[in-house]
Amino acid sequence: EPEVTQTPSHQVTQMGQEVILRCVPISNHLYFYWYRQILGQKVEFLVSFYNNEISEKSEIFDDQFSVERPDGSNFTLKIRSTKLEDSAMYFCASGEAGYQPQHFGDGTRLSIL
Amino acid sequence: AQSVTQLGSHVSVSEGALVLLRCNYSSSVPPYLFWYVQYPNQGLQLLLKYTTGATLVKGINGFEAEFKKSETSFHLTKPSAHMSDAAEYFCAVSDQRRNTPLVFGKGTRLSVIA
């Protein structure tokens, strides 16, 4: 069964550094999402992406975050200057056009030191 | 705005016993409802979904859930728990516009005792 893949599985970064999280969505999916889960808290929506542009974003997704689909397969989340509170599990998800549900990757655990 | 409340952050059942995980939602528009399961060190796997039509939906691994609009509930059940069901379970809601973001509950950790 096709799956969403995320790399790396664990990223450790110094505060203030830039980090890029990578995702390969399911190949025929057109909608892409990033969610995050701070330890012990609920999964929260960050941003959705369709047709090479952001379709929705949450209040969490401020100017330090950006998303990009640099080629036909990858979907990336960049955090420009990481803060301690960015430590979380970040999940990528993808979905077919006009059809729920979203399929999730295994996540990237981001640890900011 | 939409929200999800999952009653009980931790539920413990004996192997072979009924599993009942509670989910109540709030939505000003007709909702789509989902249950996801997360095994340790893994991502979120869809168990089942309610979009339209039949209010009793069946999912993988013997789970089912019933959409009750009058009670704004979408509780997850399984007649007989198995050790492999031990995991974190998340209820989520979205509205019926295309491909809208999911709003998750805080999750319920299910333990199965032998």
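Atoms considered below: every heavy atom in the structure, side chains included; atoms not considered: hydrogens, waters and symmetry mates. Sequence lines set the chain letters: A, B, ... in the order given, protein chains first and strands last, and positions in each chain run from 1.
- Between B:Phe104 and A:Phe45, the distance separating the two ring centers is not shorter than 6.0 angstrom.
- Nearest heavy-atom pair, B:Pro101 versus A:Glu56, reported as atom, atom and distance to 0.1 Å: CD-OE2, 3.2 Å.
- Closest non-hydrogen pair, B:Gln42 versus A:Phe91, comes out as O-CE2, 4.3 Å.
- With hydrophobic clusters built from ILVMFWY side chains whose heavy atoms lie under 4.5 angstrom apart, A:Tyr90 shares a cluster with A:Phe49.
- Taking each heavy atom of A:Pro101 and B:Lys49 in turn, the nearest pair found is CD-CD, 3.9 Å.
- The backbone N or O of B:Leu102 lies less than 3.5 Å from a partner atom in the side chain of A:Tyr35, making a donor-acceptor pair.
- Only the side chain of B:Leu46 has a heavy atom closer than 4.5 Å to any heavy atom of chain A.
- Nearest heavy-atom pair, B:Phe90 versus A:Val43, reported as atom, atom and distance to 0.1 Å: CE2-CG2, 4.3 Å.
- Other residues, nucleotides and ligands contribute more than 12 heavy atoms inside 6.0 Å of the CG atom of A:Asp71.
- Between the A:Gln102 side chain and the B:Thr100 main chain, a donor and an acceptor come within less than 3.5 Å of each other.
- Linking Ile, Leu, Val, Met, Phe, Trp and Tyr residues whenever their side-chain heavy atoms come within less than 4.5 Å leaves A:Tyr50 and A:Phe32 in two separate clusters.
- Contacts of A:Gln37 with chain B are made by side-chain atoms alone, with heavy-atom separations under 4.5 Å and no backbone atom involved.
- Interface remark: B:Gln45 contributes no atoms to any contact with chain A (heavy atom separation under 4.5 Å).
- No chain of hydrophobic side-chain contacts below 4.5 Å, direct or via other Ile, Leu, Val, Met, Phe, Trp or Tyr residues, connects B:Phe67 to B:Phe34.
- More than 12 heavy-atom neighbours from other residues, nucleotides or ligands sit within 6.0 angstrom of NZ on A:Lys42.
- Within 6.0 Å of CD on A:Glu59 lie no more than 12 heavy atoms contributed by other residues, nucleotides or ligands.
- Counted within 6.0 Å of CG on A:Leu84, heavy atoms from surrounding residues, nucleotides or ligands total more than 12; the atom is thus considered enclosed.
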